[in-house]
J.: 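Once you've had a glance at the structure underneath, I'll fire off some questions.
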Amino acid sequence: MPEPDEPGPAPAEASGPVVTDAEPEPAPDEAPAPEEAEPEPTFSALGLSEPLLRAVAEKGYTHPTPIQQQAIPWVLMGRDLLGCAQTGTGKTAGFTLPMLDILSGSRARARMPRSLILEPTRELALQVADNFVLYGKYLKLTHALIIGGESMSDQKDLLMRGVDVLIATPGRLIDMFERGGLLLTDTRVLVIDEADRMLDMGFIPDVERIVSLLPKNRQTLFFSATMAPEIRRLADAFLQNPKEVTVSKPATVATTITERLALVSEHDKREALRRLIRQEDVQNALIFCNRKRDVDILYKSLTKHQFSVGALHGDMAQSTRFATLEKFKAGEIRLLCCSDVAARGIDIGGLSHVFNFDVPHHAEDYVHRIGRTGRAGREGRAFTLASPEDRFVVEAIEKLTGHPIPRIPVEGLDVVEWAESDGRRRRGRKAAPAAKRAKEEAAPKAARAGGRRKAAEPKPAEAKQPQPEIRAVEAVAPEPRRAETRRTEPKRIPEPRYERPLRPERGTRPEREGRDRRRDDDLGPAVVGFGPDIPAFMLVAARPRRQHAATADLTAVEETEA
DNA sequence: AAAAAAC
């Protein structure tokens, strides 16, 4: 069988993806890179039916991206596909378009979806659903979004009526199946999207189970940004005679992204971020934190400082998540403070900036995060705030990307030095006041060196550029920061115990009832039976697991920024 | 170390 495509995806394809995933504004003027003079295939040459071509054309797209060129004809033939590509390459349209074509021939029966697309996050599932609506405009096909966090009965009703395309996250799909709302025996097309991420997130057992429920005789499309051995093993298990399509990652840090790194003390990070945002010409930006809790805190802080900001992480109500993302895409919110839920896959057109409020623990996540900007050949700027303990993660990132991130000072803030030790081994102290921590770092390390792996060789070259000594312009009062101290050094419950800092009166915060009320001011002293020596893990466990922006604890912000 | 995902 001859390959239905031309071999050469030029490595420069990132410069001109014609169809990107759910890009809100298509910018039809944005022609493919002019230097590629080869005769570019059009969508109509790929074998798609007229209603689809019309929908595509209406969005202003004329030329398929490399992955679309390669995948679409193949998928139309009913063959399996192994796609090594990530968002931004036009991958989503690469499978939605031919799937719509395949499915348009007949109708679905109740409870028996004809195709299934598995996505690792709810936002991605929604994005794919949007694609089906967009391109299925002139076809009479139905789809259902089966994800957690939303009414199950609505989803069940949809399924009862019969859907052609089922877009789902694994957890809810299995739940639905177990409740008998779903039969997968007639599902002939399966898409596993972002398989590497499914693996990272531990979804693979679920995915394997789901696949076992599908008929053997089916078409499978499998996408992953990387092809690690484990992913390869899965692909072998799920696919039959697949065509492999590899699109060079647009994420090898697109040259259109300008990266900068500011090394500041943990204490100065919020202030540093505000200064960077103000001095940059920020149109819209994602701000990444490593923890959901810190997303909440930073969101509150930025709101308080009058920034146009929203928050997004997995503990927030699903309706809020989608609504916030919509507002951000629509430009009603200019900053989006988020966890890594938004690091991969989510495609927001034309982000001017990405800020890493925290350095990501995994170097690849850095690439994914900053890859949200600088897309489609546009300029993007990515700023990372590092604190002294982040030295080794930063080095890992620089090793991965192959270049050092230029350091910048933040005007008006102290420049600090890397800590000698890895922050991880001292994680309990992360939030301790900088001065105190600095003193501890300076102390002899004999005690903690024993039995530990030796710290990596300090890299001579890039680590210590001579940094200008800049003193704080405005005197920032050294606050006591009670909340953080207590959280991190639980053994001694600090005095004063019942002092009540400025905060709304009780009763004005209905969400802090019962168990939850013990969150901060009561937390320490009121634990019965332990006296002042409460084991650290108990204090950690006592924090309620779920909180979102609306109920987020304001303590840290109030106390550090009063 | 943390994030994501099911009630």
Side-chain angles (χ1 to χ4, degrees), chain A residues 117-127 145-156 167-182 192-210 225 266 286-298 311-318 321-322 325 336-346 356-366 368-369 372 386-387 389-394 396-397 421-431 487-488 536-537 540 543 545-548:
Chain A
I117 299 170
L118 290 176
E119 295 288 337
T121 68
R122 299 170 187 173
E123 275 75 13
L124 280 171
L126 182 69
Q127 203 163 274
L145 199 52
I146 303 297
I147 59 172
E150 288 189 334
S151 152
M152 200 166 209
S153 59
D154 291 358
Q155 297 176 359
K156 228 167 184 166
I167 304 150
T169 45
R172 173 59 70 91
L173 189 80
I174 286 180
D175 196 358
M176 188 69 92
F177 179 83
E178 284 174 348
R179 288 164 196 242
L182 177 65
I192 297 170
D193 201 10
E194 307 263 332
D196 53 332
R197 202 158 171 220
M198 300 252 201
L199 181 73
D200 286 350
M201 292 170 27
F203 290 172
I204 293 303
D206 285 352
V207 172
E208 283 176 320
R209 170 138 184 247
I210 291 165
E266 188 71 37
L286 289 178
I287 304 168
F288 285 101
C289 297
N290 286 353
R291 297 178 185 80
K292 291 178 279 199
R293 202 188 76 201
D294 294 334
V295 169
D296 290 334
I297 292 171
L298 183 60
L312 186 70
H313 65 64
D315 278 356
M316 297 179 8
Q318 193 52 51
R321 281 168 67 170
F322 285 165
L325 199 57
L336 187 59
C337 190
C338 55
S339 69
D340 276 320
V341 69
R344 303 195 204 186
I346 290 188
N356 287 311
F357 184 76
D358 296 314
V359 183
H361 289 115
H362 287 306
E364 313 91 70
D365 288 337
Y366 174 82
H368 287 294
R369 287 180 180 185
R372 299 302 104 208
S387 69
E389 296 101 355
D390 294 327
R391 174 174 172 178
F392 296 101
V393 234
V394 169
I397 289 167
S421 64
D422 188 333
R424 239 174 309 167
R425 70 176 59 155
R426 306 169 59 78
R427 62 176 186 266
R429 316 258 173 134
K430 199 181 174 199
R487 189 176 305 143
T488 55
F537 76 90
V540 172
R543 308 192 74 81
R545 294 204 43 182
R546 296 178 68 87
Q547 49 175 299
H548 52 75

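Residue numbers start from 1 in every chain, and the chains themselves are labelled A, B, ... in the order their sequence lines are given, proteins ahead of strands. Just so you know, these numbers use all the heavy atoms, side chains as well, and skip hydrogens, waters and symmetry mates. What you see is a predicted model, and the numbers here were worked out from it, not measured in a lab.
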J.: For B:dA5, does OP1 or OP2 lie under 4.0 Å from any side-chain N or O of A:Arg321?
T.: yes

J.: Rounded off to whole Å, could you give me the CG-to-C1' distance for the A:Leu124 and B:dA4 pair?
T.: 11 Å

J.: Counting C-beta onward and ignoring hydrogens, is there a side-chain heavy-atom pair between A:Met316 and A:Val295 closer than 4.5 Å?
T.: no

J.: Rounded off to whole Å, could you give me the CG-to-P distance for the A:Asp340 and B:dA2 pair?
T.: 12 Å

J.: Is the side chain of A:Asp358 donor-acceptor paired with the backbone N or O of A:Asn290 at a distance under 3.5 Å, no angle test?
T.: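 Yes.
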
J.: Can you tell me how far apart CE (A:Met176) and CD1 (A:Ile147) are? Round to the nearest 0.5 Å.
T.: 11.0 Å

J.: Rounded to the nearest 0.5 Å, how far apart are CG of A:Asp206 and CG of A:Leu118?
T.: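 So the CG of A:Asp206 and the CG of A:Leu118 are separated by 9.5 Å.
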
J.: Remember a base hit wins even if backbone is also touched, and classify A:Gly202 as base, sugar-phosphate or nothing at under 4.0 Å, heavy atoms.
T.: nothing

J.: State whether A:Arg122 places a side-chain N or O below 4.0 Å from either non-bridging phosphate oxygen (OP1 or OP2) of B:dA5.
T.: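 For A:Arg122, the contact criterion (side-chain N or O under 4.0 Å from OP1 or OP2 of B:dA5) is met.
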
J.: A:Asp175 has a side chain; which of B:dA6, B:dA3, B:dA4 sits nearest to it?
T.: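 For A:Asp175, the side-chain atoms sit closest to B:dA6.
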
J.: Can you find a side chain N or O atom of A:Arg369 that sits less than 4.0 Å from OP1 or OP2 on B:dA3?
T.: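 No, because none of the side-chain N or O atoms of A:Arg369 sits under 4.0 Å from OP1 or OP2 of B:dA3.
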
J.: Take the protein atom CZ of A:Phe357 and the nucleotide atom C1' of B:dA2, then report the distance between them rounded to whole Å.
T.: 16 Å

J.: Just how far is it from atom CG of A:Asn356 to atom CG of A:Asp390, taken to the nearest 0.5 Å?
T.: 10.5 Å

J.: For DNA chain B, list all stems, counting runs of three or more consecutive pairs where every pair is Watson-Crick or G-U wobble with both distances under 3.5 Å.
T.: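 Correct response: none, since no qualifying run exists.
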
J.: Do A:Glu150 and A:Arg321 meet the salt-bridge criterion of a basic N to acidic O distance under 4.0 Å?
T.: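 No, A:Arg321 and A:Glu150 are not salt-bridged.
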
J.: What's the CD-P distance between A:Gln155 and B:dA6, to the nearest Å?
T.: 9 Å

J.: How far apart are the C-alpha atoms of A:Asp340 and A:His368, what are their side-chain angles, what is the distance that settles it, and do they pass the side chain to side chain donor-acceptor pair (under 3.5 Å) test?
T.: CA-CA 9 Å; A:Asp340 276 320; A:His368 287 294; over 6 Å; no

J.: Could you tell me the separation between the CG atom of A:Asp294 and the P atom of B:dA2, rounded to a whole number of Å?
T.: 10 Å

J.: Between A:Asp196 (CG) and B:dA3 (C1'), how many Å, whole number?
T.: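 Answer to the nearest Å: 15 Å.
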
J.: Measure from the side chain of A:His361, starting at C-beta and using heavy atoms only, and say which of B:dA2, B:dA6, B:dA4 lies closest.
T.: B:dA2

J.: For B:dA5, does either OP1 or OP2 sit under 4.0 Å from a side-chain N or O belonging to A:Thr121?
T.: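 The answer is no; no side-chain N or O of A:Thr121 sits under 4.0 Å from OP1 or OP2.
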
J.: Using whole Å, what does the distance between atom P of nucleotide B:dA5 and atom CD of A:Glu150 come to?
T.: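 Answer to the nearest Å: 12 Å.
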
J.: Quick check for you: to the nearest 0.5 Å, what is the distance between A:Leu145 atom CG and A:Asp154 atom CG?
T.: 11.5 Å

J.: If only side-chain N and O atoms of A:Ser339 are considered, is one of them under 4.0 Å from the OP1 or OP2 phosphate oxygen of B:dA4?
T.: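 A:Ser339 to B:dA4 OP1/OP2: side-chain N or O found under 4.0 Å.
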
J.: Contact class for A:Arg197 vs. all strands (heavy atom < 4.0 Å): base, sugar-phosphate, or nothing?
T.: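 The answer is nothing, as A:Arg197 stays clear of every strand by at least 4.0 Å.
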
J.: Taking the side chain of A:Lys292 as heavy atoms from C-beta outward, which of B:dA4, B:dA5, B:dA2 is closest to it?
T.: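 The nucleotide sitting nearest to the side chain is B:dA4.
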
J.: In whole angstrom, what separates A:Phe203's CZ from B:dA6's P?
T.: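 Distance, rounded to whole Å: 7 Å.
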
